[in-house]
Amino acid sequence: MDIDLIFKIAAIGILVSVLNQVLVRSGRDEQATMTTLAGLVVVLMMVVREISDLFLLVKSLFGL
Amino acid sequence: MDLTLKIAAAGMTGALCAMVIRRHVPELGMVVALVTGVLILGLALTLFSGVTEFLDELQELSGLAPSVVAPMVKTAGIAIVTKYVGALCKDAGEGGIASVVETAGAAVALLVALPLLRTVLQTLLGLLKTS
């Protein structure tokens, strides 16, 4: 179990939220939305392998 | 014991991170919660593999057919997955999807247990015919 992944995602989340606030304050709402979306995609790319691993483990363990 | 503390620490860290992030970017907060759950569940299930080995041993000792024990284990797996995903959907504010996922899990579990029920029925029919 690598806890680093949680911290990595939390760091990306904080970065995205700060960028989001700065962009919203300077009146660039659509860019703020795009930043949020990009952050979500990046995080999902990191996460999807772990989810796949978990489901494969469940599949092999319980013979589903 | 060491592992329990590790899991507790991981859960607490994940919950805290999710709480901080959810305030500004709710979708990323959900991803943090998802990853925490996936990591902890993965660890718990790798521990569980020892139990399934023991179950296989028990099945060999008792002389039961594998088709009798397999549905039980499968149902446990289905229950774990559907419950976790349902709770995650509920956390994301989608109670409807959560209940649908849980209903689907119940349907699949019933489908998996059907051969077992059929075996019981055939045994009963055989008993009735002989008597």
Cut-off 4.5 Å, heavy atoms of chain A, and the answer for B/Val38 is both
Heavy-atom cut-off 4.5 Å, strictly under: side chain, backbone, both or neither for B/Ser49 against chain A?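 The answer is both parts of B/Ser49.
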So which of A/Asn20, A/Leu61, A/Ile12 has the biggest tally of heavy-atom pairs under 4.5 Å with chain B? A/Leu61
When A/Ile14, A/Leu44, A/Asp2 are compared by non-hydrogen pairs under 4.5 Å with chain B, the top option: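 If we count pairs closer than 4.5 Å to chain B, A/Asp2 comes out on top.
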Which atoms of [X] come close to chain B, meaning under 4.5 Å heavy atom to heavy atom: side chain ones, backbone ones, both, or neither?
X: A/Leu54; answer: side chain
X: A/Asp53; answer: neither
X: A/Ile9; answer: both

[X] to [Y] - nearest heavy-atom pair and separation:
X: B/Val25; Y: A/Ser17; result: CG2-CB, 3.5 Å
X: B/Ala10; Y: A/Ile6; result: O-CD1, 4.4 Å
X: B/Cys17; Y: B/Val32; result: CB-CG1, 4.0 Å
X: B/Tyr84; Y: B/Ala33; result: OH-O, 4.1 Å
X: B/Thr82; Y: B/Glu102; result: O-CG, 4.2 Å

For the interface with chain A, which of [options] has the highest count of heavy-atom pairs at distances below 4.5 Å?
options: B/Val108, B/Leu45, B/Leu34; result: B/Leu45
options: B/Thr52, B/Val31, B/Val20; result: B/Val31
options: B/Lys74, B/Arg23, B/His24, B/Lys6; result: B/Lys74
options: B/Ile7, B/Thr75, B/Val112, B/Leu41; result: B/Leu41

To the nearest 0.5 Å, how far apart are CG in B/Leu39 and OG1 in B/Thr13? 11.5 Å
Let me confirm one number: the CZ-CD1 distance from B/Phe48 to B/Ile80, rounded to the nearest 0.5 Å.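 Those atoms lie 6.0 Å apart.
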In a check of side chain to side chain contact (heavy atoms under 4.5 Å, CB included) between B/Met30 and each of B/Asp91, B/Leu88, B/Val35, which one passes?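 Result for side chain to side chain contact (heavy atoms under 4.5 Å, CB included) with B/Met30: B/Leu88.
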